[in-house]
Amino acid sequence: MNPLIIALSKGRLLTQTLPLLKAAGIEPAEDLSDSRKLIFDTTRDDVKFIVLRAVDVPTFVARGAAHLGVSGLDQIAEQNLDDLYLPLDLKVSVCRLMTAGVVGAPLPLGRRRVATKYLHLAREYYARTGVQVELIKLYGAMELAPLVGLADEIVDIVDTGNTLKANGLEPRQLIMHSSARLVANKAAWKTRFEQLKPLVDQMEAALV
Ligand code: PRP
Ligand code: MG
């Protein structure tokens, strides 16, 4: 059988994920963080790691280019891909997707301008709540948008709330809770069940 490909992304999530993989007997054969390589051998012959941008992990897994990966539920829900199975909540990177705006600022009576990188989840949320919106796609620093008159509201991740507070913004409505999830390709979950299930069980047992 071809090696099992596990999609990871650099950053804090990687630091939190590697100990769980280690508990399942899988460690990178070299240091991931100070390498420009994107594909890595592991201590198991039948397992390789690939290192991607976090936002790309669901795509690689959904299309079967990786069999397993780690991604935030916010990204998984935003991308709304078929063929993903979520076998395990890793209970790290816990955060909320929320609407937020300038403290005390009234909302416009007409169409609300909303800046976000979560176009799909924002569209769904405002449709569900019957609010007319114009969505403005941004790639980061959403908190800036209401401060300079680009938007009336933002939809973004809130963790500690420090970024909102530092910019004079207030959290408003909760859209969803998120945390890091193990994502598996649905077909691979069936065809490689004997290989994947024990790995997921061992990672689950290592969760604090
Ligand atoms: C994330 C998120 C919020 C902030 C939330 O941004 O988009 O801005 O962290 O964390 P807090 O509630 O603890 O302040 P990030 O720093 O990842 O940058 P980006 O939005 O520009 O990608
Ligand atoms: Mg941000």
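Order of listing sets the numbers, starting from 1, for every ligand and every atom in it.
In terms of protein heavy atoms, atom 13 (O) of ligand 1 is closest to T160 OG1, 2.5 Å. Nearest to atom 22 (O) of ligand 1 among the protein's heavy atoms is K117 NZ, 3.4 Å. Given atom 5 (C) of ligand 1, the protein heavy atom at minimum distance is I157 O, 3.4 Å. The protein atom (non-hydrogen) at minimum distance from atom 4 (C) of ligand 1 is T163 OG1, 3.6 Å. Nearest protein heavy-atom neighbour of atom 7 (O) of ligand 1: D156 OD2, 2.7 Å.
The distance criterion of under 3.5 Å between nitrogen or oxygen atoms is not met by M142 with respect to ligand 1. On a distance-only criterion, A141 and ligand 1 share at least one N/O pair closer than 3.5 Å.
Counting protein heavy atoms under 4.0 angstrom from atom 1 (C) of ligand 1 gives zero. Atom 18 (O) of ligand 1 is not flagged as protein-proximal [any protein heavy atom, distance under 4.0 Å]. Within the 4.0 angstrom cut-off, atom 10 (O) of ligand 1 has one or more protein heavy-atom neighbours.
Checked against L88 for a side-chain contact (heavy atoms from CB on, under 4.5 Å), the options V70, L182, D201, L68 give a single hit: L182.
Q16 is listed as a side-chain neighbour of S93, based on a closest heavy-atom distance under 4.5 Å. Proximity of Y125 to T99: side-chain heavy atoms (C-beta onward) are separated by under 4.5 Å at one or more points.
Between the side chains of Y126 and Q173, not a single donor N or O lies within less than 3.5 Å of an accepting N or O.
Residue L119 holds its CG atom at 6.0 Å from CD of E78, rounded to the nearest 0.5 Å.
Grouping the Ile, Leu, Val, Met, Phe, Trp and Tyr side chains by contacts below 4.5 angstrom, directly or via other members, places L4 with M203.
Residue G161 has at least one heavy-atom neighbour below 4.0 Å for each of these atoms of ligand 1: 11 (P), 12 (O), 13 (O). Per-residue contacts place E143 under 4.0 angstrom from the following atoms of ligand 1 (heavy atoms of the residue considered): 3 (C), 8 (O).
Using a cutoff of 4.0 Å between basic side-chain nitrogens and carboxylate oxygens, D152 and R112 are not scored as salt-bridged. A salt bridge does not link K186 to D83: none of the charged nitrogens lies less than 4.0 Å from a carboxylate oxygen.
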